[in-house]
**Q** 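Sending over a structure as C-alpha cells; questions will come in a sec.
The chains referred to below are lettered A, B, ... by the order of the sequence lines, with proteins before strands, and numbering in each begins at 1.
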Amino acid sequence: MPELPEVEIYRRYLENTSLNQPIHHIEIRDAKILRVPNPEVFAKSLVRIQFKKISRRGKYLFIHLSSGEILLFHFGMTGNLRYDSNTKLQELDAKITRFDRIRFHFQSNKVLSFISQRKFARIELWHSIDDFINKRKIGPDALNITYPQFSRAIQSSKRPIKAILLDQHRIAGIGNLYADEALFQSKINPLILGSQISETQIKKLHEVIQNILQIAIDHNAQYGEFPSNFFLHARVINGKCPICGKELEKRIVGQRTTIFCTICQPLISL
DNA sequence: CTCAGTGTTCAGTG
DNA sequence: TCACTGAACACTGA
C-alpha cells in the first residue's frame, strides 16, 4: 500500500516501537530484499547497533543508526512492518509468514519484521541521507515542496501531468492512487502536458496534494476511513464519476492505469 | 488460465 | 548528458 501517507504511518510506528534497542541479530529469510554487497557481513555489522531516529522523504524511510549510517527501507508495492513484543519465543514464531523477509531481533527479545508479499521492497545501507538523495536524485517531499519548487517541477516537463506526479525525481511521495486523487480533486486532465498547465491549475494542484496527503495521514492511511468526497472510493470500484455521474475513463498514462472523468477533468487548460 | 496491480530500476533511444 | 520509454522483477486475487 505504500505511498507517502502509508510510509509516514510506518515511520511513526517505528518511532513508537523500535528506537534505542540494541540489535541482537538479524534474521535473513530472503537475501534478495537486502541490496547490500554481502548480506552476511551486513547482518554482522548491525549487531549491538540501535535505531536512533526515523525520518522520511517521499516513500523512502530512513533509519538513523547509532553507528552513524542510514538504513533505508523502501516498501515497493506491498511492503509492511510488524513489531512483535511477545516474550515467548513460540508466540513470536507463530506470527511469522513466508512474506516476513527480514527480521530484526533486538536484545530486548522484541522483533521487527520487514514484510513484503511481492519482492519489490528493499533494504539498503547508506553513509548519509544526502548521499542517497544526491545519488538517486530524489525530488522534494510532496508534503514539504514549496509552491515555486512545485511549479518548476511541473512546468519544466513536456510529459503528461500524471507521469510527472509519479516521477520521484521531480516530486517524491505520490503514487498511482494519490496521483489520480489529486488530479480529480483539482479537475485536471491526467493527459495535459506539464508545460501546458496554467498557473492557476498548478496552484490548485499544489494545494490539493498537500490537503489530500495530510488528510490521509490523519486517517492513518486507512482508505476506508477517508472522507466520502475522496475519488478513491469511486476509483476502486471502477464506477461512475461522483460529481457528474458519467462513466469513468480508464487509460494507461505514465505506464500506469489512470482513471478520470472526461467531463469534470476536461482536456482544455483553464 | 490470464492479467492487472498502492513501485522502482536498468538498458536503450533520441 | 539529459529526458524519456518499456521491460523486468514476483506473487496474489479477480
Side-chain angles (χ1 to χ4, degrees), chain A residues 1-11 29-36 56-62 72-81 97-102 114-124 126 132-139 141-143 152-184 190-191 193-196 209 212-213 215-217 219-226 230-239 248 250-260:
Chain A
M1 306 166 74
E3 296 189 32
L4 185 153
E6 289 88 340
V7 179
E8 173 59 20
I9 298 305
Y10 294 170
R11 191 192 70 74
R29 301 172 64 83
D30 189 332
K32 271 195 155 179
I33 299 294
L34 292 178
R35 306 303 170 100
V36 297
R56 181 190 62 70
R57 170 125 158 195
K59 307 170 191 171
Y60 298 91
L61 196 63
F62 307 113
L72 168 71
F73 282 3
H74 190 282
F75 299 95
M77 301 261 267
T78 56
N80 208 340
L81 297 171
T97 71
R98 68 188 178 99
F99 303 126
D100 287 34
R101 308 292 182 179
I102 305 292
F114 183 89
I115 308 165
S116 187
Q117 196 172 70
R118 296 160 75 177
K119 297 182 184 175
F120 294 173
R122 60 187 56 217
I123 293 176
E124 301 172 16
W126 289 82
F132 167 74
I133 298 293
N134 294 334
K135 286 217 173 68
R136 292 283 175 81
K137 303 196 190 323
I138 305 299
D141 185 86
L143 254 188
R152 200 177 324 123
I154 303 297
Q155 292 183 313
S156 63
S157 172
K158 289 175 180 156
R159 301 168 76 191
I161 181 63
K162 169 71 184 269
I164 299 173
L165 292 181
L166 293 178
D167 185 349
Q168 308 298 303
H169 302 295
R170 290 183 181 271
I171 303 157
I174 301 172
N176 202 33
L177 255 38
Y178 286 98
D180 280 5
E181 184 71 50
L183 291 171
F184 182 81
L191 295 167
L193 306 186
S195 53
Q196 294 179 339
I209 287 172
I212 289 172
L213 294 177
I215 289 175
I217 291 169
H219 290 81
N220 293 315
Q222 299 292 310
Y223 296 167
E225 292 167 22
F226 290 178
F230 266 45
F231 179 60
L232 176 143
H233 301 298
R235 189 190 188 282
V236 287
I237 57 171
N238 204 355
L248 291 170
K250 181 174 180 176
R251 310 187 44 161
I252 301 297
V253 186
Q255 322 231 97
R256 307 299 302 278
T257 296
T258 299
I259 296 177
F260 62 103

**Q** Looking at the side chain of A:Tyr60, which of B:dT6, B:dT9, C:dC4 is the nearest nucleotide?
**A** B:dT9

**Q** Choosing from B:dG7, C:dC4, B:dT6, which nucleotide comes nearest the side chain of A:Arg170?
**A** C:dC4

**Q** For nucleotides B:dA4 and C:dG6, find the distance between their P atoms and express it as a whole number of Å.
**A** 16 Å

**Q** Could a donor-acceptor pair under 3.5 angstrom be found where the side chain of A:Arg256 meets the base of B:dG5?
**A** no

**Q** Base, sugar-phosphate, or nothing: which does A:Ser157 touch, judged by heavy atoms less than 4.0 Å apart?
**A** sugar-phosphate

**Q** Using the ring of each side chain (for Trp, its six-membered ring), is A:Phe75 parallel, tilted or perpendicular to A:Phe114, with breaks at 30° and 60°?
**A** parallel

**Q** Rounded to the nearest 0.5 Å, how far apart are CG of A:Leu248 and CZ of A:Phe260?
**A** 9.5 Å

**Q** Both A:Arg35 and A:Gln117 contact DNA chain B. Which one's nearest nucleotide lies toward the 5' end?
**A** A:Gln117

**Q** To the side chain of A:Met77, which of B:dT8, B:dT6, C:dG6 is closest?
**A** B:dT6

**Q** To the nearest 0.5 Å, how far apart are CG in A:Asn220 and CD in A:Glu8?
**A** 10.5 Å

**Q** Hey, is the side chain of A:Tyr178 pairing donor to acceptor with the base of B:dT6 inside 3.5 Å?
**A** no

**Q** Considering only atom P, compute the distance from B:dC3 to C:dA7 and round it to an integer number of Å.
**A** 14 Å

**Q** Residues two or more places apart in sequence or in another chain: which of them pass ring-ring contact (aromatic ring centres under 6.0 Å, His included) with A:Phe99?
**A** none

**Q** Applying ring-ring contact (aromatic ring centres under 6.0 Å, His included), name anything that partners A:Tyr60, two or more places apart in sequence or on another chain.
**A** A:His74, A:Phe132

**Q** Looking at A:His74, does any N or O in its side chain come under 4.0 Å of the phosphate oxygens OP1/OP2 on B:dG7?
**A** no

**Q** Distance check needed: B:dT6 P versus A:Leu232 CG, whole Å only.
**A** 10 Å

**Q** Planes under 30° and centres closer than 5.5 Å, is that true for A:Phe75 with the base of B:dG7?
**A** no

**Q** Among B:dT8, C:dC11, B:dT6, which nucleotide has an atom closest to any side-chain atom of A:Glu6?
**A** B:dT6

**Q** Within this structure, what is the CG-to-C1' distance between A:Asp167 and B:dT9, rounded to whole angstrom?
**A** 13 Å

**Q** Can you tell me if the side-chain N/O atoms of A:Thr257 get under 4.0 Å from OP1 or OP2 in B:dA4?
**A** no

**Q** In chain order, what residues pass the side chain to side chain contact (heavy atoms under 4.5 Å, CB included) check against A:Asp30, with sequence neighbours excluded?
**A** A:Lys32, A:Ile33, A:Arg101, A:Lys119

**Q** Can you figure out which of C:dG6, B:dT8, C:dC11 approaches the side chain of A:Gln255 most closely?
**A** C:dG6

**Q** Return the value, rounded to whole Å, for the distance between atom CD1 of A:Ile252 and atom C1' of C:dT5.
**A** 14 Å

**Q** So, do A:Phe120 and B:dT8 meet the stacking rule of ring centres under 5.5 Å and planes under 30°?
**A** no

**Q** In terms of side-chain heavy atoms of A:Glu3, which of B:dT6, C:dC11, C:dC4 is nearest?
**A** B:dT6

**Q** With respect to the phosphate group of C:dA10, does any side-chain polar atom (N or O) of A:Thr78 fall under 4.0 Å of OP1 or OP2?
**A** no

**Q** How many Å lie between NZ on A:Lys162 and P on C:dT5, as a whole number?
**A** 14 Å

**Q** Who pairs with A:Ile215 by side chain to side chain contact (heavy atoms under 4.5 Å, CB included), at least two apart in sequence or on another chain?
**A** A:Asn211, A:His219, A:Pro227, A:Phe230

**Q** Return the value, rounded to whole Å, for the distance between atom CD of A:Glu124 and atom C1' of B:dG7.
**A** 13 Å

**Q** Taking all heavy atoms of A:Arg29 and all of A:Thr97, pick out the closest pair and write down the distance.
**A** NH2-O, 4.1 Å

**Q** Given atom CG of A:Leu61 and atom C1' of B:dT8, what is their separation to the nearest angstrom?
**A** 16 Å

**Q** Calculate the interatomic distance between A:Ile138 atom CD1 and B:dT8 atom C1'; express it in whole Å.
**A** 9 Å

**Q** Relative to the 5' end of DNA chain C, which residue comes earlier, A:Lys32 or A:Gly254, by the nucleotide with the nearest heavy atom?
**A** A:Gly254

**Q** Report the residues that fulfil ring-ring contact (aromatic ring centres under 6.0 Å, His included) with A:Phe184, sequence neighbours left out, ordered by chain and then residue number.
**A** A:Phe231

**Q** Please determine if a side-chain N or O atom of A:Arg122 lies less than 4.0 Å away from the OP1 or OP2 oxygen of B:dG7.
**A** no

**Q** Can you tell me how far P of B:dT6 sits from CG of A:Asp180, to the nearest Å?
**A** 8 Å

**Q** Using a 3.5 Å limit for the pairing distances, which stems of at least 3 consecutive Watson-Crick or G-U wobble pairs does DNA chain B take part in?
**A** B:2-5 with C:11-14, B:7-14 with C:2-9

**Q** Quick check on C:dC4: is either OP1 or OP2 less than 4.0 Å from any side-chain nitrogen or oxygen of A:Lys158?
**A** no

